[in-house]
Undergrad: 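Next up is a structure, given as C-alpha cells.
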Amino acid sequence: MDIDTIGDWLRTNDCGSLRKDDIGRLVVLMGWVHRRRDLGRLIFIDLRDRYGLTQIVFDEDYDAASKVKAAVLRSEWVIAVKGEVAPRLAGQENPELPTGDIEVKVKELKILNEAEIPPFQVDGKIDASENLRLRYRYLELRRPALLNNLVMRHRIALTIRNFFNGQGFLEVETPVLTKSTPEGARDYLVPSRVSKGSFYALPQSPQLFKQLLMMAGFNRYFQIVKCFRDEDLRADRQPEFTQVDVEMSFADEQKVMDIVEAMMVDLFKTVLGIEIPRPFPVLEYTEAMGSYGSDKPDIRFAMELVDCSDLFASSAYKAFSSAIEQGGLVKAIRVEGGATFSRKELDSLDSIVADFGAQGLVWAKVRSDGWQSTLAKHLSPDTRAGLEKRLGAGEGDLVIFVADKAQQAHEALGSLRIEMGKRLGLLDNSTYSFVWVVRFPLLEYSHEEGRFMAVHHPFTAPLEEDVALLEERPEAVRARSYDLVLNGAEIGGGSVRIHTLELQNRIFRALGLDEQEVQEKFGFFLEALSYGTPPHAGIALGFDRLVAIMVGTESIRDVIAFPKTQRATCAVTDAPSKVGIDQLAELGLTLIKP
RNA sequence: GGGGACGUAGUUCAGUUCUGGUUAGAACGCCGGCCUGUCACGCCGGAGGUCGCGGGUUCGAGUCCCGUCGUCCCCGCCA
C-alpha cells in the first residue's frame, strides 16, 4: 500500500463542525476511518476526530478515481479528503449526529496511514477487558466516552485555576525531588547519582513546601499537583494522583471552608450547570461516626444509625447484652420497605460485616403479626414496641442490628447502610451532597508502631480547648481539621496548621518521635517556623476523585489518561522494569537477590 | 499481608459444578464475493482456538485436584 504525503493540503474543518450553512463549500477533512459502509458503487465512511464524526461519500459517478482508491480503506486508517459539502438526500438526514444534515462528496482522497486491525473495536459498543483497554490505552482514548472524561477533566482544572486566580491565589510549583520524611504513606524513592547512597523521595503532598510559602509571605497559594504514595491501590486510589493543594495565611477553618465552598459552587455551576446550595452542612467527626457509621458519610439518604443499647442492656439475648457489658453497644438501621428482601439477599450481608471485624448482624422483618427474626423469641412485646418506636419502624420494614465495640459496630453498620442504600436505589448520581466532617481526633494509637500517630498529619493544630490534654489523654485531643465529603467519597482534607515552634515540638513529642530524628527529618522546617510564621490553614482536594464523581464514573482510572494497574504497573510501557547493571553502578546501587 | 471474582476465537461471552467422553459454539470483528443512499447497511461464502501457564488424577481433562501468572473488587495499608 502506497502512503500519500500530506503535501500542501491544509485541513479546513474538523469532523464535528460542518453544518447546512457550509453546503457548497470545498473543504479538506482529515481523520480516522471510524466505520465504512461499502454499497458497491457507493462507499460511505464516518470520518472521526476528537471533535466528532462527518459522513463522507465516495461516489463512482462523482469521482471514479477516489471511489476506486477508497475500496481498500479499513477501520482506523488515517485519511485526508478534499470534497464538497452537500446536503443529505431528503429524508436521509441523521438526527443522531450534529453533522447529520450534510455529507462531504469526495473529489480526492489521500491515505495518510494504514492501521493494524485493532485488538478491540474502537467503534464498538462492548467494553473490552480492562486488561486490553489499559494496554492499548491510546486506542481506548479514541472512544468518545473516555475522551469526554478527559475533556471534562481539563475544563474542571481550568475552572478551578480561574477561580483561585480570581481570589488572589498564586500557583507555585514545588519540588518533585524532595526529602523522605517519617509519618504518612510509604515513599517512592529516587536514588541520587551525585550523592551516592542518598535518596530523594517523591512528595506525598507538597505539605511542608506550601507551609514554607506561607512563611515566605505568599499569603494565598494553590497548585494542581501530582502526588505519590507507595501504597496498595483501589478503584479510587492510584500511586500517582493529583491534588488541588491550597494554603492561606491569617485564616482559620471557617475561612478555608468558605473559599472551598465558593470554589465548588462555581465549579459545578460553570462545568455542569448545577446550583449547589451553600453553606454545606457540617458534622463533627463523632456525629458522623455515630449517625452514619462513617467518617465520610453519604448523606444523599437518611437511614441513620440508631443507638438501641439501653433497650438491650438486660436483654435475654446474650449476644447483645454481653456486647454491652463489655463496653460495646447495639445499633440499628431501619430499612424502609426492606421486608421484601429474601433470606438469601439478607444472608449475603454477613460477609460485609465480617470485613469490618464485627461479630455479626441480626435482622428483623417487621410484620403485622410480629417480627420475623432470630431475635423475636428473646424480646418482650414492650421491648419490641420500644424498638419500633425509636426506629420509626412499621410493617414492611427491615431492621438490621449490629452489636459490638463502638468502632466495629459503627463501621459495619455504616457499610450495611451504604449497601442497603444501593439495593434500594437511593444513591442518585445526579445529586451532589457535600458535607464537612470536622474535628477528627488529632492522634490515634497505633498498636503496630506502639505509639500515637497523627490522624491527619503532624502539622495539624489541636483545638485550643484540648491542648492541655496532649500529654495526659492524647486520644481525646480533637484536631482543627475538616474533611470535605461528596456523595460518600472523601474528596478533600485540611486543617489549621501549627505555627509556633513550641506547639510543633510538643506534637512531635506526643508522637513519640526521637529528638534526633526530628532534627534530622524536620530540622529545616522547625527552623523556618522560628522566623516569623503567620497563622495559616489549608486543604488538599483529591482532584481525580472529584472529576470521577463529576463525570459519573466509579473508578478514577476512567479520568486519568494513562493510569496504573492494581499492581501499580503501567500496562502501556510495562513500567516499572529492570535496569542495567551499569545504570545501577552509576547510582552506587546493587540489588539484593530476591 | 489476607479474602474474593474472573481468565475459552482478534473482541465480548456460552460451554466448566451437580454429570470428565465423537468435530469446543454464538455474536461482533476479520477475509472473499455481490450490492447506488447507507449511517450497528444488507445478502452469500470463508478463515480463525496452546480453553492463561505448569504439573497431577484418569483409558480420556476446557471440565476434577495442586501450583503459578495476569486483570479486577474488598480488608489491612493509604499523615
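Predicted model only: the values in this text are computed from it and were never measured. In what follows, chains are A, B, ... by sequence order, proteins preceding strands, each numbered from 1.
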Undergrad: Between B:rC44 and B:rG4, how many Å separate the two C1' atoms, rounded to a whole number?
TA: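 So the two C1' atoms sit 48 Å from each other.
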Undergrad: Between A:Glu411 and A:Asp59, name the one whose nearest nucleotide on RNA chain B is closer to the 5' end.
TA: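 The residue mapped nearer the 5' terminus is A:Asp59.
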Undergrad: Tell me which nucleotide among B:rC31, B:rU71, B:rC73 gets nearest to the side chain of A:Ala235.
TA: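 Given the options B:rC31, B:rU71, B:rC73, the side chain of A:Ala235 is closest to B:rC73.
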Undergrad: For B:rC39, does the base pair up with any side-chain atom of A:Asp46 as donor and acceptor (N or O, under 3.5 Å, distance only)?
TA: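 Counting by modelled atom types and ignoring angles, no donor-acceptor contact under 3.5 Å is found here.
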Undergrad: Counting the benzene-type ring for Trp, do A:Tyr221 and A:Phe209 have ring centres under 6.0 Å apart?
TA: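 Ring centres of A:Phe209 and A:Tyr221 not closer than 6.0 Å.
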Undergrad: Just by distance, with hydrogens left out, do A:Gln223 and A:Thr174 show a side-chain donor and acceptor under 3.5 Å apart?
TA: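 Distance-only check passes for A:Gln223 and A:Thr174.
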Undergrad: List the steps, then state whether side chain to side chain donor-acceptor pair (under 3.5 Å) holds for A:Asp574 with A:Ser577.
TA: CA-CA 7 Å; A:Asp574 207 29; A:Ser577 49; over 6 Å; no
Undergrad: For the side chain of A:Arg229 and the base of B:rC77, is some donor closer than 3.5 Å to an acceptor across the two?
TA: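 There is none.
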Undergrad: Would you mind reading off the distance between A:Glu490 atom CD and B:rC78 atom C1', rounded to a whole angstrom?
TA: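 Interatomic distance, CD of A:Glu490 to C1' of B:rC78: 10 Å.
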Undergrad: Taking only side-chain nitrogens and oxygens of A:Arg557, does any of them come within less than 4.0 Å of OP1 or OP2 of B:rC73?
TA: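 Yes, such a contact exists.
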Undergrad: Tell me whether the side-chain N or O atoms of A:Arg35 pair up with the base of B:rG29 as donor and acceptor below 3.5 Å, since no angle test is needed here.
TA: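 When only heavy-atom distances are counted, A:Arg35 does not reach the base of B:rG29 through any donor-acceptor pair under 3.5 Å.
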Undergrad: So, is A:Gln204 near the phosphate of B:rC78, with a side-chain N or O under 4.0 Å from OP1 or OP2?
TA: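 Checking B:rC78 against A:Gln204, no side-chain N or O comes under 4.0 Å of OP1 or OP2.
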Undergrad: If only side-chain N and O atoms count, and only distance matters, is there a donor-acceptor pair under 3.5 Å linking A:Tyr62 with A:Glu84?
TA: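 A pair is found: one side chain offers a donor N or O, the other an acceptor, under 3.5 Å apart.
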Undergrad: Just to verify, which of A:Arg439, A:Arg480, A:Arg497, A:Arg478 counts as forming a salt bridge (charged side-chain N to carboxylate O under 4.0 Å, His left out) with A:Glu253?
TA: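 So, applying the salt bridge (charged side-chain N to carboxylate O under 4.0 Å, His left out) to A:Glu253 and each of A:Arg439, A:Arg480, A:Arg497, A:Arg478, only A:Arg480 qualifies.
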Undergrad: Do A:Glu520 and A:Lys179 meet the salt-bridge criterion of a basic N to acidic O distance under 4.0 Å?
TA: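 Answer for the salt bridge query: no.
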Undergrad: Which whole number of Å gives the distance between the P atom of B:rG60 and that of B:rG67?
TA: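 Their P atoms lie roughly 23 Å apart.
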Undergrad: Determine whether any donor atom in the side chain of A:Glu103 lies under 3.5 Å from an acceptor atom in the base of B:rG37, or the reverse, and answer yes or no.
TA: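 Donor-acceptor pair under 3.5 Å: yes.
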Undergrad: Across the strands shown, which category fits A:Asp38 at heavy-atom distances under 4.0 angstrom: base, sugar-phosphate, nothing?
TA: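 Counting heavy atoms under 4.0 Å across all strands, the contact made by A:Asp38 includes a base.
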Undergrad: Answer with base, sugar-phosphate or nothing: what part of the nucleic acid does A:Arg88 contact at a heavy-atom distance below 4.0 Å?
TA: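 The residue A:Arg88 makes base contact.
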Undergrad: Under 4.0 Å, counting only non-hydrogen atoms across every strand here, what does A:Val57 touch: a base, just sugar-phosphate, or nothing?
TA: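 Here A:Val57 touches no strand at all.
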Undergrad: Quickly work out the A:Arg143 CZ to B:rA40 C1' distance and round it to whole Å.
TA: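 For the pair A:Arg143 CZ and B:rA40 C1', the rounded distance is 14 Å.
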Undergrad: For B:rG21 and B:rC64, measure between their P atoms and round to the nearest Å.
TA: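 Looking at atom P only, B:rG21 and B:rC64 are 11 Å apart.
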Undergrad: Say we look at B:rA61 and B:rG56: how far apart would their C1' atoms be, to the nearest angstrom?
TA: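 To the nearest whole Å, 11 Å.
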Undergrad: For B:rU38, does the base pair up with any side-chain atom of A:Gln92 as donor and acceptor (N or O, under 3.5 Å, distance only)?
TA: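 No, no donor-acceptor pair under 3.5 Å.
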Undergrad: Across all strands shown, which nucleotide pairs with B:rC28 by Watson-Crick or G-U wobble geometry, both distances under 3.5 Å?
TA: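 Matched B:rC28 with B:rG10 under the 3.5 Å cut-off.
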Undergrad: Using a 4.0 Å heavy-atom cut-off across all strands, classify A:Thr569 as base, sugar-phosphate, or nothing.
TA: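 Counting heavy atoms under 4.0 Å across all strands, the contact made by A:Thr569 is with sugar-phosphate only.
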Undergrad: Pick out which of A:Lys226, A:Lys564, A:Arg229, A:Arg545 makes a side chain to side chain contact (heavy atoms under 4.5 Å, CB included) with A:Phe241.
TA: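 By the side chain to side chain contact (heavy atoms under 4.5 Å, CB included) criterion, A:Phe241 pairs with just one of A:Lys226, A:Lys564, A:Arg229, A:Arg545: A:Arg229.
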Undergrad: Could one point to a donor on the side chain of A:Arg237 or the base of B:rC78 with an acceptor on the other under 3.5 Å away?
TA: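 For A:Arg237, whose side chain was compared with the base of B:rC78, there is a donor-acceptor pair (under 3.5 Å).
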Undergrad: Between B:rU71 and A:Arg567, is there an OP1 or OP2 to side-chain N/O distance shorter than 4.0 Å?
TA: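 It does, given that an N or O in the side chain of A:Arg567 lies less than 4.0 Å from OP1 or OP2 of B:rU71.
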Undergrad: Can you work out whether A:His457 or A:Leu132 has the more 5'-proximal nearest nucleotide on RNA chain B?
TA: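 Result of the comparison: A:Leu132.
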Undergrad: Find the distance A:Glu116:CD to B:rU11:P and express it as a whole number of Å.
TA: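 Roughly 14 Å, once rounded to whole Å.
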Undergrad: For B:rC41 versus B:rG29, give the span between their C1' atoms, rounded off to a whole number of Å.
TA: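 About 16 Å, rounded to a whole number of Å.
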Undergrad: Between B:rA40 and B:rG76, how far apart are the P atoms? Round to whole Å, please.
TA: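 Rounded to whole Å, the distance is 47 Å.
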Undergrad: From CD of A:Glu448 over to C1' of B:rG76, roughly how many Å is that when rounded to an integer?
TA: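 For the pair A:Glu448 CD and B:rG76 C1', the rounded distance is 9 Å.
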Undergrad: So what's B:rA5 paired with, Watson-Crick or G-U wobble, going by both distances under 3.5 Å?
TA: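 B:rU71 is the nucleotide pairing with B:rA5.
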Undergrad: Give me the distance, rounded to whole Å, that separates B:rG49 from B:rG25 when you measure between the C1' atoms they each carry.
TA: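 Going atom to atom, C1' in each nucleotide, I get 12 Å.
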Undergrad: Taking any heavy-atom pair under 4.0 Å as a contact, classify A:Thr460: base, sugar-phosphate, or nothing.
TA: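 Since no nucleic acid heavy atom lies under 4.0 Å of A:Thr460, the category is nothing.
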Undergrad: Side chain of A:Arg74 only, heavy atoms from C-beta on: which candidate in B:rG37, B:rC31, B:rG29 is closest?
TA: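 Given the options B:rG37, B:rC31, B:rG29, the side chain of A:Arg74 is closest to B:rC31.
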Undergrad: Nearest of B:rC39, B:rC31, B:rU71 to any side-chain atom of A:Gln55?
TA: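 Of the options given, the side chain of A:Gln55 lies nearest B:rC39.
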Undergrad: Reckon A:Leu53 touches a base, only the sugar-phosphate, or nothing at all at heavy-atom distances under 4.0 Å?
TA: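 Counting heavy atoms under 4.0 Å across all strands, no contact is made by A:Leu53.
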Undergrad: Between the base of B:rG76 and the side chain of A:Asp232, is one N or O donor paired with an acceptor at under 3.5 angstrom?
TA: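 Counting by modelled atom types and ignoring angles, a donor-acceptor contact under 3.5 Å is found here.
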Undergrad: Determine the contact category for A:Ile117: base if any of its heavy atoms lies under 4.0 Å from a base atom, sugar-phosphate if only primed atoms, P, OP1 or OP2 are that close, otherwise nothing.
TA: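 Here A:Ile117 touches the backbone only, sparing every base.
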Undergrad: Is there aromatic stacking of A:Phe44 against B:rU38, centre distance under 5.5 Å, plane angle under 30°?
TA: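 Yes, A:Phe44 stacks on the base of B:rU38, since the ring centres sit under 5.5 Å apart and the planes are within 30°.
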Undergrad: Atom CD of A:Glu76 to atom P of B:rG29: distance rounded to whole Å?
TA: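 It works out to 14 Å between those atoms.
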Undergrad: Does B:rU11 have OP1 or OP2 sitting under 4.0 Å from an N or O in the side chain of A:Ser129?
TA: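 No, A:Ser129 has no side-chain N/O under 4.0 Å of OP1/OP2 on B:rU11.
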Undergrad: Counting heavy atoms from C-beta on, name the nucleotide in B:rG29, B:rG10, B:rC73 closest to the side chain of A:Gln566.
TA: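 The closest nucleotide is B:rC73.
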Undergrad: In whole Å, I'd like the distance from the CG atom of A:Asp101 to the P atom of B:rC39.
TA: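 To the nearest whole Å, that distance equals 17 Å.
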Undergrad: Using the C1' atoms only, state how far B:rG20 lies from B:rU12, rounded to an integer number of Å.
TA: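 Those two atoms are separated by 27 Å.
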Undergrad: So does A:Arg237 pair up with A:Asp232, basic N to acidic O under 4.0 Å?
TA: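 Salt bridge: no.
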Undergrad: Go through B:rG70, B:rC78, B:rC72 for me and flag the one nearest to the A:Asn131 side chain.
TA: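 Within the option list, the nearest is B:rG70.
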Undergrad: How about A:Gln207 and A:Gln211: does a side-chain donor come under 3.5 Å of a side-chain acceptor?
TA: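 A pair is found: one side chain offers a donor N or O, the other an acceptor, under 3.5 Å apart.
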Undergrad: Measure from CZ on A:Arg234 to P on B:rC72 and round the result to the nearest Å.
TA: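 The answer, rounded to whole Å, is 13 Å.
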Undergrad: Does A:Arg37 have a side-chain nitrogen or oxygen under 4.0 Å from the phosphate oxygens OP1 or OP2 of B:rC41?
TA: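 Affirmative; the distance criterion is met.
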Undergrad: Using a 4.0 Å heavy-atom cut-off, does A:Arg186 contact any base of the nucleic acid, only the sugar-phosphate backbone, or nothing at all?
TA: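 Answer is nothing: A:Arg186 stays at 4.0 Å or more from every strand.
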Undergrad: How close or far is atom C1' of B:rU38 from atom NE2 of A:His34, stated in whole angstroms?
TA: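 Result: 15 Å.
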